[in-house]
Amino acid sequence: MRIGELAKLSNTPTRSLRYYEEQGLIIPRRLENGYREYDPYLIDRAIQIRGLIDSGIPTKIIALILPCLDKARGIVPEDIEPELLAILRDERDRMTQRIEFLTRNRDSIATYIDAADEALARRTAGTAA
DNA sequence: ATTCTTACA
DNA sequence: TGTAAGAA
């Protein structure tokens, strides 16, 4: 499939798909006319990459993670690179901090919403009565 | 109609 | 990332 279809199926802008390629993620083959040709299994990868990026993981790191994610099942102790492991631990910690950050703000907003609902309820009750 | 590249806000 | 220009 060409970029337009993948964009639609993975709900990812063509702009982003081209950017992913530029960053070394998802490298599609080219047709005679120069058009990018994507295999169906790349739909899931595109979605996954988009999710990773939305999670705040830099593309550099995503490039390192993708290979690991594909074979997360068959990890061989001998193949574990300490350098990569350190980077992943670091990234994991940033994710944790981001989650805590988001949690605080979500709770803050939730509290405001609850207060607003109650205020609205009181106003309605007063108008009705 | 679609996609490609390049570049700017 | 969105968007636009010009070519294929």
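Note on naming: letters A, B, ... go to the chains in the order of the sequence lines (proteins, then strands), and numbering restarts at 1 for each one. Just so it is clear, the values below take in all heavy atoms, side chains as well, and ignore hydrogens, waters and symmetry mates.
In this structure, A/Glu22 atom CD and B/dA7 atom P are separated by 12 Å, rounded to whole Å. Here the P atom of nucleotide C/dG2 and the CG atom of A/Leu17 are 11 Å apart, to the nearest Å. Spacing between atom NZ of A/Lys8 and atom P of B/dT3 amounts to 9 Å, rounded to whole angstrom units. Rounded to whole Å, the distance from CG on A/Leu31 to C1' on C/dA8 is 14 Å. One interatomic measurement links the two molecules: OH of A/Tyr38 to P of B/dT3, which rounds to 10 Å at whole-angstrom precision. The nearest whole Å value for the distance from the OH atom in A/Tyr35 to the P atom in C/dA8 is 12 Å.
Nearer to the 5' terminus of DNA chain B, by closest-nucleotide assignment, is the contact made by A/Arg2 (compared with the other of A/Arg2 and A/Arg30). Judged by closest nucleotide on DNA chain C, A/Arg50 is the one of A/Arg50 and A/Asn33 placed further toward the 5' end.
Contact of the A/Ser16 side chain with the A/Arg50 side chain is not registered, since no non-hydrogen atoms from C-beta on lie closer than 4.5 Å. Put simply, the side chain of A/Glu22 reaches to within 4.5 Å of the side chain of A/Tyr19, judged on heavy atoms. Taking 4.5 Å as the limit, some side-chain heavy atom of A/Ile43 sits within range of a side-chain heavy atom of A/Met1.
The base of C/dT1 lies outside donor-acceptor range of the side chain of A/Tyr19, with no N or O pair under 3.5 Å.
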| said: With side chain to side chain contact (heavy atoms under 4.5 Å, CB included) as the criterion, how do A/Tyr20 and A/Ile62 come out once you've worked through the C-alpha distance, each side chain's angles and the decisive distance to 0.1 Å? | reply: CA-CA 10 Å; A/Tyr20 297 166; A/Ile62 295 177; over 6 Å; no
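Within 4.0 Å of A/Ser16, counting heavy atoms only, lie sugar-phosphate atoms of the nucleic acid but no base atom.
Considering only side-chain N and O atoms, A/Arg36 lies under 4.0 angstrom from the phosphate OP1 or OP2 of B/dC4. Residue A/Arg15 has no polar side-chain atom (N or O) positioned under 4.0 Å from OP1 or OP2 of C/dT3.
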